[in-house]
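Structure record follows, encoded as structure tokens.
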Amino acid sequence: MTMDPTRFNREAKPTWCPGCGNFGIQNALKKALNALELEPHQVLLSTGIGCSGKISHWINAYGFHGLHGRSLPVAIGMKLASHALTVIAEGGDGDGYSEGMGHFIHACRRNVDITYLVHNNGVFGLTTGQVSPTGDQGFVSSTTPHGALERPFHPLALAIGAGTTYVARGFSGDSERLAGLIADAVRHPGFAVVDILQVCVSFNPDKSYKWYQERVFDLDAEGHDPADRAAALAATEPREDGRLPTGLFYRAEAPTLEAGLPQLAGAPLVDHDIAAVDVAPLMEGLI
Amino acid sequence: MTMDPTRFNREAKPTWCPGCGNFGIQNALKKALNALELEPHQVLLSTGIGCSGKISHWINAYGFHGLHGRSLPVAIGMKLASHALTVIAEGGDGDGYSEGMGHFIHACRRNVDITYLVHNNGVFGLTTGQVSPTGDQGFVSSTTPHGALERPFHPLALAIGAGTTYVARGFSGDSERLAGLIADAVRHPGFAVVDILQVCVSFNPDKSYKWYQERVFDLDAEGHDPADRAAALAATEPREDGRLPTGLFYRAEAPTLEAGLPQLAGAPLVDHDIAAVDVAPLMEGLI
Amino acid sequence: MSMNQLNMMVGGAAGLGVKTAGEILARLCTRAGRHVFGNVEYPSVIRGDHNSYQIVAGEAFQHGHRRELDLLLALDDLAATLHKDEIRPGGVLVHDSEKGQADLSGLAERGVMLAGLPFPSIVKEAGGDKRLLNAAGLGAVLGLLGLDREALAAACQDAFARFGEAVLAANLAAARLAWERTSGEMAAAFDRRLAPVAAPPRMLVTGNEALAIGALKAGLKFYAGYPMTPASSIMTYLARRERDYGIVVKHAEDEISAIGMAVGAGVAGVRAMTGTSGGGFCLMCEFLGLAGMTETPLVVVESQRPGPATGLPTRTEQGDLTFVLAASQGDFPRIVIAPGDPAECFRWGFEAFNLAERYQTPVILLLDKHLSESTWTYAPFATDGLAVDRGVRAAAAAPAAGADLFPRHAVTESGVSPALRPGTPGATWTTTGDAHDDLGRISEEEGDRVRQMDKILGKTRGLDAGTYGWTLHGPPEAALTIVGWGSTTQPILGALADLGDAPVNFLQVRGMNPFPAEAVAAILARSPRAVLVENNATAQLGDLIAERASIRINDTILKYSGRQFLVDELAAAIGERL
Amino acid sequence: MSMNQLNMMVGGAAGLGVKTAGEILARLCTRAGRHVFGNVEYPSVIRGDHNSYQIVAGEAFQHGHRRELDLLLALDDLAATLHKDEIRPGGVLVHDSEKGQADLSGLAERGVMLAGLPFPSIVKEAGGDKRLLNAAGLGAVLGLLGLDREALAAACQDAFARFGEAVLAANLAAARLAWERTSGEMAAAFDRRLAPVAAPPRMLVTGNEALAIGALKAGLKFYAGYPMTPASSIMTYLARRERDYGIVVKHAEDEISAIGMAVGAGVAGVRAMTGTSGGGFCLMCEFLGLAGMTETPLVVVESQRPGPATGLPTRTEQGDLTFVLAASQGDFPRIVIAPGDPAECFRWGFEAFNLAERYQTPVILLLDKHLSESTWTYAPFATDGLAVDRGVRAAAAAPAAGADLFPRHAVTESGVSPALRPGTPGATWTTTGDAHDDLGRISEEEGDRVRQMDKILGKTRGLDAGTYGWTLHGPPEAALTIVGWGSTTQPILGALADLGDAPVNFLQVRGMNPFPAEAVAAILARSPRAVLVENNATAQLGDLIAERASIRINDTILKYSGRQFLVDELAAAIGERL
Ligand SMILES: Cc1ncc(C[n+]2csc(CCOP(=O)(O)OP(=O)(O)O)c2C)c(N)n1
Ligand SMILES: Cc1ncc(C[n+]2csc(CCOP(=O)(O)OP(=O)(O)O)c2C)c(N)n1
Ligand code: SF4
Ligand code: SF4
Ligand SMILES: [Mg+2]
Ligand SMILES: [Mg+2]
């Protein structure tokens with residue numbers, strides 16, 4: 001049976017600005033889910049608050065649009081409760097790298113089999129353009145009228161440092177390749193991060209499609225070995241020529257957290273029968 | 001005028017367990033402050049909650065013992081308000097790397113001229129020994145009776161990844177060398193992290209003084225170049241022989257956040273006269 | 001209504017410059033000697049959907065907005081469709097007659113004048129695109145309001161000069177082309193004008209701006225925040241002035257850090273503030289209690305928006321009162337004040353710091369989107385009489401007898417311990433969020449615990465909310481007493497003005513904690529009938545009055561659609577009770 | 001007092017095994033057919049300072065602890081010094097007569113028997129060190145209580161066998177050496193015994209254990225938490241059973257993550273819980289509101305300790321009631337229940353999940369350290385009649401007519417929308433913490449907002465706290481009505497028992513929200529005099545009653561030293577009012 005390629009579409013039209021990179025990400029995600037031959041009901045999205053986080057409303061899957069900065073804990077709870085589902089956490093760079101930084105680092109080391117997509121546009125879009133942790137030093141925004149003083153970090157350097165087992169970067173302007181990275185990330189057993197360079201036409205117009213297109217390239221083309229951790233870290237360093245590597249930075253094999261939980265070896269928790277749990281032995285134990 | 005070397009002592013006796021590594025850290029900190037020729041009133045401590053965080057009660061300096069996980073934001077506020085003071089943030093690994101992880105990463109990139117000392121004992125001491133984010137995988141504790149599943153990270157790998165300009169590791173069993181690292185960290189202009197391998201005799205007894213002494217060594221002895229970022233990152237990787245590098249991992253020069261604030265070029269904010277601020281121009285501006 | 005009384009709205013998709021056009025109009029009205037009220041409505045999206053800016057102007061103080069529009073400038077079809085029925089007979093709809101598709105049937109029959117303009121052609125002729133639409137619309141409106149060519153040029157100069165010559169020229173051209181079409185016959189048929197009237201210079205000011213200026217006047221030195229509507233504009237207002245006023249403004253990584261930094265700055269000895277809305281305030285609860293326990297002065301602004309959760313991020317509600325009064329575990333003194341308008345925002349934005357230092361405890365200023373982002377007109381606020389009071393401070397660091405520690409939490413008669421700024425030579429102090437003794441040392445002794453709890457809980461006893469915590473507007477005795485707080489203050493005053501000599505007064509509660517229980521109880525006791533007016537679903541002030549003043553007001557006028565009461569809507573609801 | 005009624009305390013520095021010894025004694029008493037109450041007091045330090053474990057045992061149910069000790073086992077000088085004056089005439093002090101330095105003067109004169117033992121020599125002779133001290137102490141106590149050599153051996157076997165042969169042998173040796181010294185003359189002079197009496201088997205159970213078992217019975221599948229006394233033992237109890245019961249227990253990186261994971265698990269369709277104390281609850285506020293807004297079932301345990309801030313981390317207080325009732329911005333339904341003892345912890349630990357799923361909203365169980373960590377004895381809780389009710393669930397995923405979405409927030413008569421578990425084929429749904437329409441789509445329409453707010457705020461209307469939210473203990477009419485809640489329940493009942501036939505009854509409030517306003521008002525209306533008994537500084541239940549039942553109770557008995565009321569202390573305070 002061939003599947004309807006439009007099955008992840010929803011009727012409603014996204015409210016993103018015309019030209020926003022989020023459209024490309026939405027497209028890529030749908031393509032990836034299609035390529036993975038999933039049905040909409042098998043997918044559960046946990047998203048944050050920001051322009052990015054609204055995506056769960058416009059992908060036909062079960063979708064929970066939660067709090068700013070908190071998509072990861074929710075997604076982890078979802079996966080542990082219902083591990084037969086494909087669980088994807090998604091949000092912005094403000095969401096994930098500012099408010100949610102603690103969860104991010106801990107998700108990296110926890111290695112639950114979920115996928116995390118970060119729409120990285122260098123700004124807080126929905127709150128009208130304040131600099132984000134990946135925005136350039138000197139970036140002028142309403143909260144930094146004299147230029148941002150903090151230096152941005154490369155989120156993937158942190159992801160690798162914290163032990164993530166699948167680390168990639170995509171570009172919102174190349175849906176096709178991005179779809180491939182997302183599909184791969186979902187296939188990867190364990191925590192998979194895809195940081196996505198995303199164009200924000202309204203608040204970061206200097207980093208336009210053209211600006212990115214002149215800079216992004218695929219690490220693959222340089223013969224990068226994603227098993228080489230040091231090389232992956234090196235790839236996160238700024239380049240003199242300003243070029244921006246994308247693609248798969250790092251991949252490693254490691255048991256998922258779920259693999260360490262024998263109680264998940266059978267049916268997902270959500271399928272357990274809870275009508276008649278016997279707690280008599282516990283009470284016996286207290287006598 | 002020579003200074004009284006006991007001036008950082010307080011009357012009260014610490015309530016730490018006999019043999020606790022925190023005594024060594026307390027000692028080292030006092031030695032460092034002494035070596036820096038500071039007066040007690042020039043030092044302001046911001047500490048977290050845990051066995052470690054109580055240290056501010058037993059160092060004769062101005063001390064603020066705040067919340068679990070939040071010593072860094074408080075310390076940053078202190079420094080920006082009163083930048084002539086030496087401000088030190090201090091707490092445990094649960095405090096700083098679990099509850100406080102988000103603040104840690106952002107402090108690393110913010111580069112405010114404060115020093116951060118982490119008492120890293122692999123456990124939550126004060127709450128009776130639950131595994132911390134630097135505890136070993138498989139560590140059995142009350143919250144992980146079947147062994148911890150998450151892999152520990154090396155906090156210094158994260159610190160370097162996030163842009164810290166001074167990154168070192170000390171050992172609570174070697175006060176002398178630790179004091180040197182702390183003094184250096186305080187001298188360093190910018191955010192300085194000293195992660196301290198700390199013995200917890202009550203909840204992590206396997207990692208005893210002896211255990212550590214058999215493993216720790218100074219990176220210096222290997223000819224490590226602290227200016228070499230890649231080498232510093234490599235030094236955070238686990239070694240096959242199980243040995244644990246200490247000493248200065250990485251140091252870089254970068255302008256402090258304060259340097260980017262011309263309003264701090266004169267007197268510290270705390271010395272500004274606020275009796276007669278003229279807001280008439282602001283109101284004019286709204287007409 | 002006089003021809004100088006105006007109720008106008010600019011509407012259009014986000015991104016079309018609705019707010020810019022609205023602000024220009026509001027400022028023009030202000031400079032023409034009018035009092036103005038401006039209400040901005042926008043959804044939580046960046047482009048598209050629908051924004052509106054409503055301007056109510058007249059010779060008297062303007063309390064709020066009302067439904068019957070004199071003029072609607074519809075920058076797109078959706079704006080025309082959504083608001084056309086709000087135009088009164090005799091009013092005008094300025095719309096796109098060239099490409100517009102909105103169904104305008106019935107309007108002419110109702111006596112609405114249709115000022116259709118070929119906007120696409122106009123902006124093209126002016127040498128630009130959609131970005132000139134708001135200027136063209138502005139030109140049309142100014143034509144209708146009888147402004148002459150020079151006044152139009154001056155208005156454009158004022159609004160667009162800062163974007164450079166070219167932008168100014170294009171906008172002026174677009175404005176002029178539209179002005180030409182409306183300033184003749186159409187203007188003649190319209191019964192409103194914007195002719196200047198003599199008036200003292202007035203600010204057009206939001207609650208957030210007024211509060212920020214008050215805080216600067218108080219000597220604010222440090223502000224940390226994390227963007228969250230409707231509090232963000234406090235941070236951005238302050239950030240822009242950071243160098244001029246020698247303060248530091250920090251966009252922190254999250255709200256926990258923001259309040260943590262403010263606490264740290266307060267500990268270090270400067271006046272510090274943070275601000276957020278309900279969601280961010282959730283994350284601040286723990287530090288709030290720490291400030292209470294460690295006796296650290298701190299000012300927190302909580303500007304409400306409709307909850308729960310993300311709710312309606314850009315709309316208005318008064319739904320966080322109960323939360324703010326109870327936030328954080330345990331008992332500690334907190335001062336909570338809900339200003340009712342920008343003048344009160346200024347005053348309490350100043351005074352909050354004196355209270356915070358005098359009582360060494362957190363002070364919360366409770367605003368909401370309506371108060372934070374709407375504009376009113378005021379003469380510059382008087383600053384004489386505003387004296388900085390930093391509370392009890394130790395002159396020098398004499399340690400407690402027999403101890404090496406300055407007694408940071410010394411028990412005194414007032415309950416306030418002398419403060420000592422870190423850095424002062426001669427001693428040091430320690431403090432902690434753990435229970436402690438007078439010297440700030442951790443203590444689990446029952447005696448210390450009770451002693452210090454009695455001390456902190458007692459220290460705001462001297463603060464008499466009876467003196468500042470309420471205002472009874474209107475006649476002291478009336479058949480009906482309206483009870484409200486915060487941003488409903490001005491709509492209620494507007495409604496009362498509408499009701500003329502009706503036997504109704506208005507008890508505005510401002511001191512939420514400490515609470516002016518006696519005064520409120522006395523007023524309610526002598527009032528034959530009371531009705532609560534609140535911009536929330538459950539009448540939270542009603543609960544507070546029941547708890548504190550032992551009177552349950554059962555009659556309520558509540559609105560919780562995310563919008564503020566319109567003056568006329570409220571007048572009608574009150575009128576029904578008379 | 002019968003010779004079977006016992007009030008004993010073990011005291012000593014943290015690290016000396018006070019708790020272990022206390023627990024062994026408590027279990028021995030239980031197995032000897034006694035009802036037991038055990039109270040543990042310890043500071044927030046790991047070694048040193050002072051811990052105590054008090055055991056009150058007798059043939060009737062034991063409500064709480066009281067001052068007059070029959071026996072004090074002082075493992076060090078500090079314990080002897082701190083508690084020696086609590087020993088009644090005729091009671092015994094077991095102390096170190098070899099190296100002990102405590103001033104014991106006056107005790108003998110008061111008729112206290114001094115059971116001095118050479119503990120250092122004993123532990124040395126047993127081949128060990130300080131770690132055998134508690135076993136030696138235990139031996140001494142059991143000797144005094146008349147246990148024979150076999151009973152002593154059995155007790156040691158029970159307590160120490162799990163640590164291996166060698167440890168058992170050493171402990172037994174130490175215990176026996178001490179037993180030999182006390183079991184003769186000294187025991188003969190002591191008037192209390194631990195001879196077995198016939199009784200059904202009883203559990204020795206804490207509130208946290210009872211709650212955890214109730215939750216497991218309800219089908220709890222997921223628990224996430226972050227260590228925080230006094231909630232931690234729920235997590236550790238569950239973690240140990242995680243494989244047996246097929247559940248997942250996660251120690252998260254912080255409390256935000258803990259509640260976030262629980263919300264995620266709830267969204268996915270399992271019964272999920274988190275737990276913390278006040279400081280951690282601060283960090284959970286935002287997710288609490290999100291659960292309310294998205295209609296996600298969730299159970300949160302808040303076990304209070306004295307605040308504000310870190311306060312007294314290992315002590316007890318009821319200071320978070322107001323906070324828990326108001327936490328998070330905006331209005332949403334929350335069910336808050338304060339169980340009064342382990343039996344109620346079990347019942348509500350079970351029932352909370354039914355309520356959470358029936359009303360699709362958060363349920364908070366409010367405990368405190370006293371209830372969480374003290375032990376009482378109960379026959380195993382009855383489980384028949386406990387039926388799992390998962391609320392309204394859609395059988396299959398039929399999307400709303402004309403839409404591709406299952407209407408997650410459909411407006412129904414009851415206000416509860418059928419739930420659909422993610423993974424169900426045939427449709428999908430979306431939901432959000434933003435204001436939304438019936439289909440869970442973000443909506444800023446005023447109509448949708450009001451419709452959904454009315455829906456969620458109305459849905460707990462069917463939950464009648466009048467039926468479960470209160471208990472009137474004692475005679476229906478009385479001269480004095482005690483009003484209390486939560487963990488003061490048992491001390492109050494104990495005090496009432498002490499007061500015998502005094503004309504006093506006790507209104508225990510259990511449903512904090514919804515609140516049984518009518519019942520409370522009716523009871524208070526017919527009571528000539530009422531007094532609030534609360535373990536906090538400001539009588540928070542008093543405020544709640546004033547707010548909800550319009551009655552202000554001015555007479556209060558408050559304790560906020562971080563310790564629970566002693567039964568006799570409370571009986572005296574109540575007695576003064578009779
Ligand atoms: C706790 C909390 N703090 C602040 C906000 C306000 N807020 C909404 S979206 C946002 C930032 C969005 O930036 P990002 O995550 O980068 O998403 P983008 O809009 O750029 O996709 C903020 C700060 C919030 N909703 N909740
Ligand atoms: C918000 C909050 N959560 C939890 C706690 C309880 N708590 C106190 S100390 C501690 C852990 C301490 O571990 P660590 O920071 O490693 O310090 P250590 O005791 O090992 O020095 C925790 C979880 C708290 N005080 N506040
Ligand atoms: S503001 Fe930026 S990120 Fe948000 S929708 Fe517009 S273009 Fe996209
Ligand atoms: S528990 Fe561990 S860290 Fe805490 S005082 Fe004892 S030895 Fe030190
Ligand atoms: Mg962004
Ligand atoms: Mg630790």
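In what follows, chains carry the letters A, B, and so on, assigned in the order in which the sequence lines appear, proteins first and then strands, with residues in each chain numbered from 1.
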Sidechain-backbone polar pair: Y62(B) side chain, T424(C) backbone, donor-acceptor under 3.5 Å: yes
Side-chain donor or acceptor of R441(C) paired with backbone N/O of A12(B) under 3.5 Å: no
Close contacts, residues 103-116 of chain B versus chain C, judged by heavy atoms under 4.5 Å: H103(B), H106(B), R110(B)
Contacting region of E209(C) [heavy-atom separation from chain B under 4.5 Å]: side chain
Segment of V267(C) engaging chain B (4.5 angstrom heavy-atom cut-off): side chain
N/O donor-acceptor pair under 3.5 Å between R31(C) side chain and I287(B) backbone: yes
Members of residues 17-27 of chain B whose heavy atoms come closer than 4.5 Å to chain C: none
Contact origin within A387(C) toward chain B - heavy atom pairs under 4.5 Å: neither
Heavy-atom proximity to chain B below 4.5 Å, by part of R421(C): both
Which atoms of T296(C) approach chain B - backbone, side chain, both or neither, heavy atom under 4.5 Å: side chain
Max heavy-atom pair count under 4.5 Å with chain B, selected residue of G433(C), A427(C), A224(C), A379(C): A427(C)
Heavy-atom closest pair, residues I247(C) and Q263(B): O-NE2, 2.9 Å
